[in-house]
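I have placed the structure first, in the form of structure tokens, so that the comments after it can refer back to it.
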Amino acid sequence: MHIEERDGVLVITIDRPKVRNAINGATARALVDAFDQLDARDDLMVGVLTGTGGTFSAGMDLKAYAAGDTPVIPGRGFAGLTRTHLHTPLIAAVEGWALGGGTEMALACDLIVAAEDATFGLTEVTFGLVPPEGGIVRLPERIPRNIAVEILLTGDPLSAERAHQLGLVNHLTPPGETLTKAVEVAHRIARNAPLSIAAVKRAVNERTAYGDQDAFRQQDQLVAPVLASHDAQEGAHAFAEKRPPRWEGR
């Protein structure tokens, strides 16, 4: 992972192209450091999160997970982002695939810029898991509920074009141009008054008494048994061993 400052904008780039920028524990901890820097410095007005190699992120590194390495940071969520209260606006620049936790990272951002050929997907059900880091909580808020439920239950992909039509994606770009567009939008935000930016983000995030943290608490009671199940381990091992999973419903 590496970071770059561009006139008040911090570009955070996941750099694991050989595994399609899948997130392991070390990457998650590095992202926490980057997000903390983004929030701690008054001269950084907006962040942009992206990935190298034409891919945003394939989500959880399942091989690392099968070996006991988790990318979920206590109190901070997946990749140190999905349950973090960032005060600074964050834009996702999505090229290629944003799968599982990759989609949940994008959902945790305030805006999404995506390439025309990008694809989102919450595929956890196909591995005996559920998307507990924002997929269940945030996707039904961003797109029509029935469409969100179909995506969550089938694990079917969502094209960037369709996501744009549904309002999930702010801007579509030709492939390879998402970072340029995201930084352009970031600079349009960064030229505005810092207190105004902070107030808008806080008001939107605290939009109801039943906010994200309440939703996560209710969700966790439901999904904890699934994540601790035999089938959850089976899904990860099946992926690592390149074989179909053998579900047992326990």
Side-chain angles (χ1 to χ4, degrees), residues 1-14 28 30-51 56-57 73 75-95 98 101-115 118 120 133-135 137-143 160 163-164 166-173 177-216:
M1 195 209 78
H2 56 86
I3 61 175
E4 176 190 0
E5 296 179 28
R6 299 191 185 184
D7 296 325
V9 174
L10 187 69
V11 178
I12 303 167
T13 305
I14 305 165
L31 285 167
V32 166
D33 291 341
F35 297 138
D36 284 349
Q37 178 178 342
L38 176 63
D39 252 7
R41 288 177 48 186
D42 293 338
D43 60 327
L44 295 176
M45 300 293 293
V46 185
V48 174
L49 179 64
T50 192
F56 183 68
S57 174
I73 305 298
R76 306 291 293 264
F78 180 80
L81 173 62
T82 55
R83 303 195 188 203
T84 293
H85 293 290
L86 283 179
H87 303 296
T88 309
L90 185 63
I91 302 173
V94 178
E95 298 278 350
T103 290
E104 291 181 304
M105 291 164 65
L107 288 170
C109 294
D110 300 290
L111 291 78
I112 300 175
V113 176
F120 300 87
E133 293 299 323
V137 171
R138 294 187 174 114
L139 189 64
E141 293 184 342
R142 307 292 175 81
I143 65 176
H164 184 252
L166 293 168
L168 180 63
V169 168
N170 295 75
H171 299 278
L172 284 177
T173 74
E177 296 185 17
T178 61
L179 181 57
T180 299
K181 182 64 176 181
V183 171
E184 173 196 320
V185 174
H187 281 140
R188 285 164 48 202
I189 295 171
R191 70 189 181 196
N192 297 317
L195 291 179
S196 299
I197 293 170
V200 167
K201 173 155 183 174
R202 181 173 179 181
V204 170
N205 288 346
E206 297 178 2
R207 60 204 173 279
T208 64
Y210 187 66
D212 282 352
Q213 293 308 307
D214 293 323
F216 275 124

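For CG of Asp43, the number of neighbouring non-hydrogen atoms (other residues, nucleotides, ligands) closer than 6.0 Å is greater than 12.
At least one donor-acceptor pair under 3.5 Å links the side chain of His187 to the backbone N or O of Arg6. Panel note: side chain Glu95, backbone Thr178; a donor-acceptor pair is recorded below 3.5 Å. Listed for the Glu133 side chain is no donor-acceptor partner under 3.5 Å among the backbone atoms of Glu104. In this structure, the side chain of Thr103 engages the main chain of Ala98 through a donor-acceptor pair within 3.5 Å.
The distance from the OG1 atom of Thr82 to the CG atom of Leu107 is 10.0 Å, given to the nearest 0.5 Å. To the nearest 0.5 Å, the span separating CG on Leu172 from CD1 on Ile112 amounts to 11.0 Å. With rounding to the nearest 0.5 angstrom, the CG atom of Leu10 is 12.5 Å from the CG atom of Asp7. Rounding to the nearest 0.5 angstrom, the gap separating the OG1 atom in Thr50 from the CG atom in Leu179 is 5.5 Å. In this structure, SG in Cys109 is found 8.5 Å from CG in Leu86, a value given to the nearest 0.5 Å. Summarising the geometry, atom CD1 belonging to Ile189 is positioned 9.5 Å from atom CE belonging to Met45; distances are rounded to the nearest 0.5 Å.
When all heavy atoms are compared, the tightest approach of Val94 to Ala118 is O-CB, 3.8 Å. Of all non-hydrogen atoms in Ala34 and Met1, the two that sit nearest each other are CB-CE, 3.9 Å. Shown here for Ala93 and Ala182, the closest heavy-atom pair between the two residues is CB-CB, 3.9 Å. The two residues Val48 and Ala186 have their closest heavy-atom pair at CG2-CB, 4.1 Å. Across every non-hydrogen atom of Ala106 and Phe120, the tightest pair is CB-CE2, 4.3 Å.
For the pair Ile91/Val183, no side-chain contact is recorded, criterion being any heavy-atom separation below 4.5 Å from C-beta on. Using a 4.5 Å heavy-atom threshold, the side chains of Pro89 and Ile197 count as touching. The side-chain heavy atoms of Val113 and Thr173, taken from C-beta on, include a pair separated by under 4.5 Å. Side chains of Glu4 and Thr13 form no contact here, defined as non-hydrogen atoms less than 4.5 Å apart. The shortest distance between side-chain heavy atoms of Thr84 and Asp39 does not fall below 4.5 Å. Contact of the His171 side chain with the Glu177 side chain is not registered, since no non-hydrogen atoms from C-beta on lie closer than 4.5 Å. In this structure the side chain of Ile14 reaches within 4.5 angstrom of the side chain of Met105, judged on heavy atoms.
Salt bridge present: Glu184 and Lys181 bring a charged side-chain N and a carboxylate O closer than 4.0 Å.
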Next item on the list: Please test Leu44 against Thr88 for side-chain contact (heavy atoms from CB on, under 4.5 Å), starting from the C-alpha separation and ending with a verdict.
Entry: CA-CA 8 Å; Leu44 295 176; Thr88 309; 5.7 Å; no
Next item on the list: I would like to know whether Leu49 and Phe56 meet side-chain contact (heavy atoms from CB on, under 4.5 Å); could you show each step before the answer?
Entry: CA-CA 9 Å; Leu49 179 64; Phe56 183 68; 4.0 Å; yes
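A salt bridge (Lys or Arg N to Asp or Glu O under 4.0 Å) with Asp110 holds for exactly one of Arg138, Lys201, Arg142, Arg202; it is Lys201.
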